[in-house]
J.: 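Before we start, here is the structure in question, set down as structure tokens.
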Amino acid sequence: MNPGSSRLNALSVIEDRWLAGLFGHEVFRLVCGSSWETISERNLRALSDHEKGRSKAFYYGKVQTEATGAVRLLNGAGFFTVDVNVTFN
């Protein structure tokens, strides 16, 4: 794991140095272990602690379509849905 990365229980915060180079500030990718449905308020508090002390940072993650509860939690914590992709079979 990179020095700027950390593990927040079921949620991993992984530093994205390449994207940070393009943005000009820290960027982190959120990855949830087995399913985004396992994310909890505790994870969000830990994520908020990760953000503290950073003057500017961008966080992103890819959430499964069926994980609507996780999307609600993330929206409540200040995250916004920016892009939605759907694949039809």
J.: Quick one: side chain to side chain donor-acceptor pair (under 3.5 Å) pairs with a partner in residues 78-89, sequence neighbours left out?
T.: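 Every side chain to side chain donor-acceptor pair (under 3.5 Å) pair that includes a residue of residues 78-89, provided the two are not neighbours, is D83-N85.
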J.: Linking I/L/V/M/F/W/Y whenever any side-chain heavy atoms sit under 4.5 Å apart, do Y60 and V84 land together?
T.: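 Shared cluster, no.
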J.: Does the side chain of F58 come within less than 4.5 Å of H25's, by heavy atoms?
T.: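 They are in contact (side-chain heavy atoms under 4.5 Å apart), so the answer is yes.
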J.: For the atom pair NE2 (H50) and CZ (F28), what is the distance rounded to the nearest 0.5 Å?
T.: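 Answer for the NE2-CZ pair, H50 versus F28, is 4.5 Å.
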J.: What distance separates L74 CG from L44 CG, expressed to the nearest 0.5 Å?
T.: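 That separation rounds to 6.0 Å.
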J.: Just how far is it from atom CZ of R29 to atom CG of L19, taken to the nearest 0.5 Å?
T.: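 CG of L19 is found 11.0 Å from CZ of R29.
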J.: Shared ILVMFWY cluster between W18 and I14, side chains joined below 4.5 angstrom?
T.: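 No, no single cluster joins them.
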J.: For the CG atom of L47 and the OH atom of Y59, what is their distance to the nearest 0.5 Å?
T.: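 Taking CG in L47 and OH in Y59, the distance rounds to 6.0 Å.
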J.: To the nearest 0.5 Å, what is the distance between CG (L30) and CG (D16)?
T.: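 Atom-to-atom, L30:CG and D16:CG are 11.0 Å apart.
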J.: Suppose we screen for side-chain hydrogen bond (donor to acceptor under 3.5 Å, both in side chains). Which residues come up paired with N75, at least two apart in sequence or across chains?
T.: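 side-chain hydrogen bond (donor to acceptor under 3.5 Å, both in side chains) list for N75, sorted by chain: empty.
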J.: Checking K56 now: which residues fulfil salt bridge (charged side-chain N to carboxylate O under 4.0 Å, His left out) with it, not counting sequence neighbours?
T.: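 With neighbours one apart ignored, the set is empty.
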J.: How about E15 and V27: do any of their side-chain heavy atoms sit closer than 4.5 Å?
T.: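 The answer is no, as the side chains (C-beta and beyond) never meet within the 4.5 Å cut-off.
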